[in-house]
Amino acid sequence: MTTTCPSGQHAHHDVYSAQCPCRALLDLLANKWSALAIGALEGGAQRFGELQRKLQGVSPKVLTQTLRRLEDSGLVDRTVYPAVPLHVEYALTPLGQSAAVPLNALRSWVEQNIDQAFRPEPATA
């Protein structure tokens with residue numbers, strides 16, 4: 001399905017087109033750590049350490065890169081509180097909250113269907 005580009009920068013959006021800027025956003029949202037970070041932030045603002053503990057297995061470097069990309073795309077807000085030590089919180093923007101809905105459905109589907117997805121194939125004689 002194609003739609004007219006509201007920015008007027010191109011004739012329409014089509015994620016199947018190699019030149020469509022939609023692909024960058026699709027790439028960001030399809031990233032495992034992005035999808036998990038958005039899910040972790042659904043409950044409200046969190047500090048970096050809280051996110052890292054919730055997203056088991058993510059390195060500080062990858063989490064930092066992920067949060068920056070989400071912030072640059074307008075999905076996450078980063079708020080710095082001038083305190084000693086510095087206090088930084090991350091929260092979903094309204095756009096991020098709208099992205100969280102289908103990502104939540106995808107995460108739920110994965111959890112419900114993981115056992116069927118990786119079944120060993122029956123042996124053939």
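Computation of the quantities below employed the complete heavy-atom set of this structure, encompassing side-chain atoms and omitting hydrogens, waters and symmetry-equivalent molecules. What you see is a predicted model; the values in this text were computed from it and never measured.
- At a threshold of 4.5 Å between side-chain heavy atoms, the hydrophobic network of Ile, Leu, Val, Met, Phe, Trp and Tyr places Leu41 and Val80 in one connected group.
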Output side-chain donor-acceptor pairs under 3.5 Å for residues 49-61, partner residues at least two apart or in another chain, one line each.
residue : atom : partner : partner atom : Å
Glu50   : OE1  : Arg47   : N            : 2.6
Arg53   : NH1  : Gly49   : O            : 3.4
Ser59   : OG   : Val62   : N            : 3.1

task: List the steps, then state whether side chain to side chain contact (heavy atoms under 4.5 Å, CB included) holds for Val76 with Leu92.
output: CA-CA 4 Å; Val76 167; Leu92 292 177; 4.2 Å; yes
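- Sorted by first then second residue, the ring pair (Phe, Tyr, Trp, His ring centres under 6.0 Å) pairs that include residues 82-115, not counting sequence neighbours, are Tyr81-His87.
- For the atom pair OG1 of Thr66 and CG of Leu36, the computed distance is 9.5 Å after rounding to the nearest 0.5 Å.
- Smallest separation of non-hydrogen atoms from Arg69 and Ala24: NH2-O, 4.5 Å.
- At a threshold of 4.5 Å between side-chain heavy atoms, the hydrophobic network of Ile, Leu, Val, Met, Phe, Trp and Tyr places Leu63 and Leu86 in one connected group.
- Grouping Ile, Leu, Val, Met, Phe, Trp and Tyr by side-chain contacts under 4.5 Å, direct or through others, leaves Val84 on its own.
- One distance of note links CG of Leu29 with SG of Cys22; it measures 11.0 Å at 0.5 Å rounding.
- Looking only at distances, a side-chain donor or acceptor of Ser98 sits under 3.5 Å from a matching main-chain atom of Leu95.
- Between Ala40 and Gln46, the closest heavy-atom pair is O-NE2, 2.5 Å.
- For the pair Arg23 (side chain) and Tyr16 (backbone), a donor-acceptor distance under 3.5 Å is present.
- The line from CZ of Arg107 to CD1 of Ile38 is 8.0 Å long, rounded to the nearest 0.5 Å.
- Within the 3.5 Å criterion, the main-chain N or O of Leu67 finds no donor-acceptor partner in the side chain of Arg78.
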